[in-house]
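Only one structure is covered here, and it is reproduced in the block below.
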Amino acid sequence: MAAEKNNYPSILQENLELYQRGQMQVLEMGDHVADGVIVADENGDILGANALFCAWLNVAEEVLLHQPITILQGQISDAIRATLSARKTVTAVFWQDTTRKQVLLTSSPFFDRKGRFLCAVAVLRDLSDILELSSQLRILDNERNQTQTELATLKSKYISNSLIGDSRVMLQLKNTIAQVAKTTATVLIQGETGTGKEIAARELHRQSDRADKPFITVNCAAIPESLLESELFGYARGAFTGASAKDKRGLFEEANGGTFLLDEIGDMPIQLQTKLLRVLQEREILRVGDPKPVKIDVRFLAATHQDIEAMVSEKRFRQDLYYRLNVVNVVMPPLRERKDDIGLLTDSILTKMNRKYEKNCTLDIRALFALEHHDWPGNVRELENVIERLVLFGGDTIPVEQVDSIIHVTKKHFPYDKRIASAEVSLKKQVDEFERTIIVEALSIHKTTRKAAEALGMSQSGMMRKIKALGIQNW
């Protein structure tokens with residue numbers, strides 16, 4: 001860039017040595033940057049412009065040199081004059097006429113080391129590449145969101161149902177969940193410990209329109225009463241001794257847009273039940289120490305092994321909260337009432353445990369029959385515990401004696417035959433043949449399906465399904 005030494009203002013003259021040493025080489029460096037640069041002194045006269053700036057305006061530097069900045073007119077002139085007047089940085093975005101490009105203009109004051117104003121430096125940056133990159137990022141972001149949506153849809157469609165079983169009670173349960181899942185109705189899930197209440201809750205979430213949103217569960221019995229409120233509702237900074245110096249979002253807010261499971265709801269303190277009722281009614285929360293309500297969009301589920309109706313009668317659970325929670329009631333059947341599902345459950349759990357312990361255990365046919373005739377007071381959770389122990393300490397084939405050592409199902413509990421079927425026959429065929437033998441024998445002794453079913457610890461409908469599935473005729 002050309003600039004005549006004698007034409008610089010006096011302050012600039014004092015800084016020429018600094019320019020030469022490369023400490024304030026604004027003009028000299030101008031031709032080596034990818035932006036347009038123009039410099040004006042405190043009187044508004046142009047001191048110089050780099051090659052790119054001149055190319056953008058399609059004018060030679062000599063034409064601009066020492067001319068008043070107003071020769072440029074428009075946004076550039078306005079920004080530089082504003083900087084000269086207020087001694088502050090001014091920015092603007094506009095379309096440049098000659099290039100038809102969108103540019104970012106930044107006009108900044110320039111001072112020497114003593115704080116004396118020297119000049120205004122304006123930089124013009126072509127936004128084309130940035131805007132193109134931004135557009136590409138938006139496209140990629142949209143594609144990512146679309147892919148996530150498609151994956152969520154495929155996951156919802158193809159992931160196997162987590163509720164295992166095809167007994168009558170389980171088919172009814174699955175049908176109820178399918179009908180309720182797409183709604184926002186609050187669901188109360190009841191059942192004995194170990195029946196899979198949380199699994200049912202997750203299945204409700206998986207089949208809902210909120211499947212790609214958070215699923216948060218809190219065990220009301222596991223969190224100390226003194227902390228439960230702040231964990232659920234959050235708190236304002238300094239709300240109590242030991243509180244964080246910043247506001248803390250509670251778990252209700254973390255679940256916004258998704259599903260929240262209040263597990264063991266029967267153990268929630270009575271004073272918190274009142275606040276939960278307000279959340280269910282108003283769909284808003286109050287953080288501890290904050291009077292300002294926060295709106296939330298959450299689908300609520302609750303689960304308990306306790307008799308909530310009895311607790312209501314005993315004034316240990318709010319009746320109005322019970323009615324709010326019990327819009328839809330789902331009862332998880334105990335395993336003893338769906339023994340027809342034990343085979344499917346055993347197969348699923350065995351596969352999981354084999355994978356966990358890198359083994360390839362199978363069950364002797366009599367061992368499986370023993371599992372099917374245990375009452376399972378601990379339900380599916382107990383079954384999973386037993387099978388894990390069997391796999392952990394068992395060999396390739398788990399015998400009935402190993403099962404009996406854990407759950408003590410002996411010959412007096414069920415009429416298993418000690419003969420082992422041929423190894424060439426599949427396990428299913430072995431089981432079918434063994435069941436056919438036992439059922440035919442029971443039918444021949446008891447004469448009716450009802451009595452035979454009672455003798456074998458089955459429901460009559462379960463007996464009829466077995467007879468049809470096994471092709472038993474003329475018994």
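Computed from heavy atoms alone, side chains included, the values below leave out hydrogens, waters and symmetry copies.
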Could you check whether atom NZ of K295 has more than 12 heavy atoms from other residues, nucleotides or ligands sitting under 6.0 Å from it?
yes
Tightest non-hydrogen contact, residues Q102 and V93, listed as NE2-CG1, 3.4 Å
Step by step, would you call E384 with R381 a salt bridge (Lys or Arg N to Asp or Glu O under 4.0 Å)?
CA-CA 5 Å; E384 186 167 19; R381 188 176 296 154; over 6 Å; no
Should the pair F300 and F260 be assigned to parallel (<30°), tilted (30 to 60°) or perpendicular (>60°) ring geometry?
tilted
Over all atoms of both residues, closest heavy-atom pair of Q306 and M311:
OE1-SD, 3.4 Å
Output every pair passing side chain to side chain donor-acceptor pair (under 3.5 Å) with a member in residues 163-173, not counting sequence neighbours, ordered by first then second residue.
S167-D341
Cation-pi geometry met for R87 and F117 (6.0 Å, 45°)
yes
Could you grab the distance from atom CD1 of I265 to atom CD1 of I308, nearest 0.5 Å is fine?
7.5 Å
For Q190, is there any backbone N or O sitting under 3.5 Å from a side-chain donor or acceptor partner on N329?
no
Side chain to side chain contact (heavy atoms under 4.5 Å, CB included) between N175 and L171, intermediate numbers included:
CA-CA 6 Å; N175 182 58; L171 292 176; over 6 Å; no
Counting only heavy atoms from other residues, nucleotides and ligands, does the tally under 6.0 Å from OH of Y323 exceed 12?
no
Under a 4.0 Å N-O cut-off, is there an ion pair linking E203 with K174?
no
Can any side-chain N or O of D375 pair as donor or acceptor with the backbone N or O of R336 at less than 3.5 Å?
no
Chi angles and distances behind the side chain to side chain contact (heavy atoms under 4.5 Å, CB included) call for F53, V59:
CA-CA 9 Å; F53 184 91; V59 63; 5.9 Å; no
Just by distance, do the side chain of T183 and the backbone of V180 share a donor-acceptor pair under 3.5 Å?
yes
For residues N379 and E192, is any side-chain donor paired with an opposing acceptor at under 3.5 Å?
yes
For K359 and G394, indicate whether the former's side chain and the latter's backbone hold a donor-acceptor pair under 3.5 Å.
yes
Can you list the steps and then say if T362 with I398 is a side chain to side chain contact (heavy atoms under 4.5 Å, CB included)?
CA-CA 6 Å; T362 59; I398 298 171; over 6 Å; no
Residues V298 and A255: closest non-hydrogen pair is CG2-O, 3.7 Å
From the list R283, K213, R210, salt bridge (charged side-chain N to carboxylate O under 4.0 Å, His left out) with D297 holds only for R210
Please answer whether the main-chain N or O of D347 pairs with a side-chain N or O of T351 as donor and acceptor at a distance below 3.5 Å.
yes
Donor-acceptor pair, distance only, cut-off 3.5 Å: does the side chain of S85 make one with the backbone of R81?
no
Is there a donor-acceptor pair closer than 3.5 Å between any side-chain N or O of Q402 and the backbone N or O of L390?
yes
Closest approach of L84 to A120 (non-hydrogen atoms, all atoms of both residues)
CD2-CB, 3.7 Å
Residues two or more places apart in sequence or in another chain: which of them pass ring pair (Phe, Tyr, Trp, His ring centres under 6.0 Å) with Y322?
none
Can you tell me if CD on E309 sees more than 12 non-hydrogen neighbours from other groups inside 6.0 Å?
no
Okay, side chain of K197, backbone of H305: is any donor-acceptor separation there less than 3.5 Å?
no
Over all heavy atoms of both residues, which pair between G266 and T304 is shortest? Give the atoms and the distance, please.
N-OG1, 3.9 Å
Donor-acceptor under 3.5 Å (T83 side chain, K88 main chain):
yes
Looking at R287 and K292, would you say the former's side chain and the latter's main chain have a donor-acceptor pair under 3.5 Å?
no
For the residue pair H205 and F215, categorise the inter-ring angle as parallel (less than 30°), tilted (30 to 60°) or perpendicular (more than 60°).
tilted
Test side chain to side chain contact (heavy atoms under 4.5 Å, CB included) applied to I387 and T346, step by step:
CA-CA 8 Å; I387 293 176; T346 299; 3.7 Å; yes
Search all heavy atoms of L64 against all heavy atoms of A49 and return the closest pair with its distance.
CD1-CB, 4.2 Å
List, one per line, each side-chain donor-acceptor pair under 3.5 Å for residues 270-279, sequence neighbours excluded.
from : atom 1 : to   : atom 2 : distance (Å)
Q271 : NE2    : E225 : OE2    : 2.6
Q273 : OE1    : R318 : N      : 2.9
Q273 : NE2    : M268 : O      : 2.9
T274 : OG1    : R318 : NH1    : 3.0
K275 : NZ     : E229 : OE2    : 2.2
R278 : NH2    : E284 : OE2    : 2.4

